[in-house]
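To start, the structure itself, in structure tokens.
All ligand and atom numbering here is 1-based and tracks the order in the structure.
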Amino acid sequence: MFIIAANWKMNGDRKFATEFARELKALNSPHEIIIFPPATLLDAVDFKKGAQDCCYREYGPFTGQISADMIKDTGAQYVLLGHSERREHQGETSEIVASKAKSAHKSGLKTIICIGEKEGEDFEIVVSDQIKKSLPFTSNSVNTIIAYEPVWAIGTGKTPSISEIEKRHKFIKDKTKLSVIYGGSVKPENATEIANAANVDGLLVGGASLVAKDFIKIIEAKK
Ligand code: PGA
């Protein structure tokens, strides 16, 4: 099924979350739509949802952390792992991402694992290394989806060309045999081209997922 995920990052309040979920429910889309709200709003989102991170440990003295079981307990089915903002600001390495994914799989959560090169980096070298180190042995085609997000495209309004996206997704799919969704400056204006490109199994939307009518336009762009 085509996946369209909303990554709200550190945005939104209870009123926004409730209303957004109501609008998505009314849409009745055939696609797999998932909302990734801040953890404090997981219980407010009455829709298919996931957390933006989880701890690699199951329980214990880890102040401020949230375990995969706790996320599952909110009714969430997914967790987003290794987003470039976490790799950058929280110093998350691919090895840490893999240990978090292993914990998530043990709890029965599906993982969306983010990979992508920074501006000026070699796509094949960086992404191959991230694939090798970020996917635990527990990953399979049912519990793991890859999000390819070129770091230079996130929140910048810039995207690779459609043929670059198609080639890069093919490279990742050949290596992993997993579904690959695209993220980085997806908006209503470019969603039709990107969503319907070859090898694109879904979209991960940041900024444009904070306005329900824009997010709905993106969902409706997938033919
Ligand atoms: P963006 O973010 O759509 O605002 O570029 C995407 C993401 O970070 O997942």
Next on the checklist: Within 45 degrees of the ring normal and closer than 6.0 Å to the centroid, is that where the cationic atom of Arg168 sits relative to Phe123?
Outcome noted: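 Satisfied, under 6.0 Å and within 45°.
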Please list, one pair per line, the donor and acceptor atoms closer than 3.5 Å that link side chains of residues 214-223 to other protein atoms, with sequence neighbours excluded.
{"residue": "Lys222", "atom": "NZ", "partner": "Ala195", "partner atom": "O", "Å": "3.3"}

Item to check | Lys/Arg-Asp/Glu bridge criterion (N-O < 4.0 Å) met for Glu58, Lys106 | outcome: yes
Checklist outcome for this item: Besides Tyr78, the hydrophobic cluster formed by Ile, Leu, Val, Met, Phe, Trp and Tyr side chains linked at under 4.5 Å, directly or via other members, contains Ile3, Ile34, Phe36, Leu80, Ile112, Ile145, Ile181, Leu204
Item to check | Results of salt bridge (Lys or Arg N to Asp or Glu O under 4.0 Å) for Asp69 - residues two or more places apart only | outcome: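 Listed in chain order: nothing, the list is empty.
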Item to check | Residue shell around ligand 1, heavy atom under 4.0 angstrom | outcome: Asn7, Lys9, His83, Glu149, Ala153, Ile154, Gly155, Gly184, Ser185, Leu204, Val205, Gly206, Gly207
Checklist entry - Considering only heavy atoms from C-beta outward, does the side chain of Pro150 approach that of Pro160 to under 4.5 Å? => result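 They are in side-chain contact.
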